[in-house]
Amino acid sequence: MAGDDLTPSQRAAVEHYEGPLLVLAGPGSGKTRVITRRIARLVDRGVSPWEILAITFTNKAAREMAERVERLLPGRRMWVTTFHKFCARLLRERGEAVGLQPNFSIFDTSDQQRLLKQVLHDEDIDATHFPPNKIGWQISQVKNELITPETFKARFEERVGNHMEAVVARVYPKYQQRLIEANAVDFDDLLVHVALLLQEQDDLRAEWDQRFRYILVDEYQDTNRAQYQIVAALSQINANLCATGDPDQSIYGWRGAQIENILRFERDFPSVAVIRLEENFRSTPEILRTADALIAHNKQRKVKVLRTDNPSGPEVELRLFLNGREEAEGIAADIRRQVEDGDRRWSDFAVFYRVNALSRSLETAMARARVPYQVAAGVAFYERSEVKDLIGYLRIIDNHRDRMAFLRVVNTPPRGIGKTTVDKLMKWADSASVPLLDAARCADQIPGLSKRAVTALQQFAGLIDEFAAKSYGPVAETLVEIVSRTRYGHDAALQSEEDLQKKSNVDELISAARHYDEVGGDESSLGGFLETASLAQDLDGIETDLGAVTLMTLHAAKGLEFPCVYIIGVEQNLIPHERSLRNYEPKEIEEERRLLFVGITRAEQHLVMTHTCRRDVHGRELSTIPSDFLNEMPYTNVDCTRGSGSWSPEEESQEVDMDDRLAAPSPKFAALKSILPRLTTGAALEAGTTRPADVPLGFRVGMTVRHPRYGLGTVIEMSDGYARNRTVRVEFTDDGRQESFIASKCPLQPVGLR
DNA sequence: GGCCAGTGTCTTTTT
DNA sequence: GACACTGGCC
């Protein structure tokens, strides 16, 4: 089966049969290929596909790997999934041992924080002094170390810790108890419950160990303790664990990943075969030289050589711009020019940044330059409030005990169940140890509630019961039913722009459900859909051959590759991030260096890093300092601060309104910036529903504009004020109606002269 | 109970 | 700048 197109070390990895295997794979060394080929080879040798478990880090990687396996082994079903999904499956099967029903809910970060806030309140702990997000962070760290509430408490009592630990010791057990009462888990629990189950129940461990005889774990350097425990526990009887990874690409230390897992691997499985894949098939020698020089500055690493036979390409460049706006426009123009020259396609390009906040300027610039783009980030689809509301309904229907879902939808849309009522309800329900929905059902027994509140609560409970009774069909139907019985269906007439946007999100959710129903077939269920929704990742919607430029964080870029890569904001406090600089922690700086290394090594042919003289930080524009990392690698300097850059000069002269941009930022500048009409989203682009907008700098009275709903019109008035307050009044040609819009949020587009 | 406006707080990366 | 929360008002 193994062809002749493999290098000797690749071949060795593919041919490795039984026993533990560690593949240390440098960037672009054909790792995914090796994994898929090895799977095919195993099956070739008579291993049943269902005995193979392949675990990846992202849904996207899982999907791609499944596709590649499918190509090699048509029709064979095997487990290719992410850690979190895998654990969710196991818990649905066997979660009763930790007190979970199969229909448990998965709480996201905001559910987690709201729940923590309640616990803090119950415990009489001041939430301003101990903010829920910090507590949540602490609990997450502790969970990743597989420390249970009991252990933590015991440990804390042994040796008195600080205030924070004292609070965590009190809050963590209550929080955990609340989760179980709600038949729910948080993200960490998915891993922790499974790891502990395997630790405590040997028969179960043995059963699953036998079930998954061959386990392959990708991106092994990013596993945390819980994940390590899980794969190790499943590799006792059948120690056919194959881990692939690259310590130099470990970028998730901040969420508990331990590079040491690779060292521990060799200790725990002394018979391990170690194979290094060092030849790079992805990048030019120029790019590799830069990457190699950078990563060589890390002290804690296993030295690895990066070599390639690829032909030489253009020099790695570092471009300097005046500010973030010029940086973004320069890149947009640069990309547009290359595509227009016929050298490149849109999808050849990716732009990476350290923090999501930097995507805004890029989106603006891309839209203005009419460069099609897709973004992996920001307010992900499932984070939109209207989507979360509907998901909330589905959750409470599927799991009556889901406390956070109940609280989210009980008064959405408003049905006269306010804070006072909910507080009384919670108090009563908690003292009676009854789920909120059950309490609502018998609200008439709760003392102190007004007649109206009782009716409203009981009606709400009845509504949910009705939905639940009908929820066994396709998920999309359930959703449609919910939409039509709640606000989302009713105010279809005369809506604001925001409502229209919401409506389209609702429609998108319904089509996602429909898609799920179709693909899942008989196996689809409400719970399954919810799981998919809960474990969705920003990267999920990204298609690399979509015909669009891809924008994403450096973290999201892991595992991907693009012919041309831009990495923006290579500045001190950004890369390395200020938080890693605050306390002098070499470990953290090294992780930042690895992050940049990951970004650099995504590039196949051309790499451009950029930095600026001044940059908006938290709203204020400040002078910047070039990243320390820039002293550690070779590249060619390009100064783009005087129009000498790669974008056309006309681009600049068109921006009459911006002639003050060289001066200190003025209120006018801020205002113009903040009234930009809404940008095309990646999702919309992908769906083909919108074309990248020609986004103007601002509206002027007398300007002709087009509105997707009302057609052509003229701007007749603009309010004073900045930012959100600013509105535009438009008279529409069609019927003479006048409408006001929030300038920053409406889809008005200027017509005619640019 | 619901809505608005004003204020205060916090800003990394993700499942 | 964005968002959560509060307080005041209807």
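Every chain is numbered from 1 and lettered A, B, ... according to where its sequence line falls, protein lines coming before strand lines. In what follows, every heavy atom counts, from backbone to side chain, and hydrogens, waters and symmetry copies are set aside.
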Closest listed nucleotide, where the reference is the side chain of [X] and the choices are [options]:
{"X": "Phe187(A)", "options": "dT11(B), dT15(B), dT14(B)", "answer": "dT15(B)"}
{"X": "Pro414(A)", "options": "dG2(B), dT13(B), dT15(B)", "answer": "dG2(B)"}
{"X": "Thr553(A)", "options": "dT15(B), dT13(B), dT11(B)", "answer": "dT13(B)"}
{"X": "Arg579(A)", "options": "dT15(B), dT11(B), dG2(B)", "answer": "dT11(B)"}

Rounded to the Å, how far apart are [X] [atom1] and [N] [atom2]?
{"X": "Gln227(A)", "N": "dT14(B)", "atom1": "CD", "atom2": "C1'", "result": "12 Å"}
{"X": "Lys558(A)", "N": "dT15(B)", "atom1": "NZ", "atom2": "P", "result": "10 Å"}
{"X": "Leu596(A)", "N": "dT13(B)", "atom1": "CG", "atom2": "P", "result": "17 Å"}
{"X": "Asp616(A)", "N": "dT11(B)", "atom1": "CG", "atom2": "C1'", "result": "14 Å"}
{"X": "Leu191(A)", "N": "dT15(B)", "atom1": "CG", "atom2": "C1'", "result": "8 Å"}
{"X": "Gln113(A)", "N": "dT11(B)", "atom1": "CD", "atom2": "C1'", "result": "13 Å"}
{"X": "Leu425(A)", "N": "dG1(B)", "atom1": "CG", "atom2": "C1'", "result": "16 Å"}
{"X": "Leu574(A)", "N": "dT13(B)", "atom1": "CG", "atom2": "P", "result": "11 Å"}

For [X], report the nucleic acid contact type (base, sugar-phosphate, nothing); a contact means any heavy atom under 4.0 Å.
{"X": "Asn411(A)", "value": "sugar-phosphate"}
{"X": "Asn133(A)", "value": "sugar-phosphate"}
{"X": "Phe83(A)", "value": "nothing"}
{"X": "Thr58(A)", "value": "nothing"}

Does dT15(B) have its OP1 or OP2 closer than 4.0 Å to a side-chain nitrogen or oxygen of Thr82(A)?
no

dT14(B) OP1/OP2 closer than 4.0 Å to side-chain N/O of Asn356(A)
yes

Of Thr109(A) and His577(A), whose nearest nucleotide on DNA chain B comes first from the 5' end?
His577(A)

Assert: residue with more 5' nearest nucleotide on DNA chain B, out of Val355(A) and Arg415(A), is Arg415(A)

Does [X] come within less than 4.0 Å of [Y], counting only side-chain N to carboxylate O?
{"X": "Lys419(A)", "Y": "Asp423(A)", "result": "yes"}
{"X": "Lys587(A)", "Y": "Glu590(A)", "result": "no"}
{"X": "Asp616(A)", "Y": "Arg360(A)", "result": "no"}

Assess whether side chain to side chain donor-acceptor pair (under 3.5 Å) is satisfied between Thr612(A) and Glu327(A), documenting all intermediate values.
CA-CA 7 Å; Thr612(A) 62; Glu327(A) 177 184 51; 5.4 Å; no

Aromatic ring of Trp254(A) stacked on base six-ring of dT13(B), 5.5 Å, 30°
yes

Do we get Arg89(A) above Trp79(A)'s six-membered ring, with its NZ or CZ under 6.0 Å from the centre and within 45° of the axis?
yes

In whole Å, what separates the C1' atom of dT13(B) from that of dA4(C)?
23 Å

Quick one, Asp389(A) and Arg408(A) - any side-chain contact, counting heavy atoms below 4.5 Å?
yes

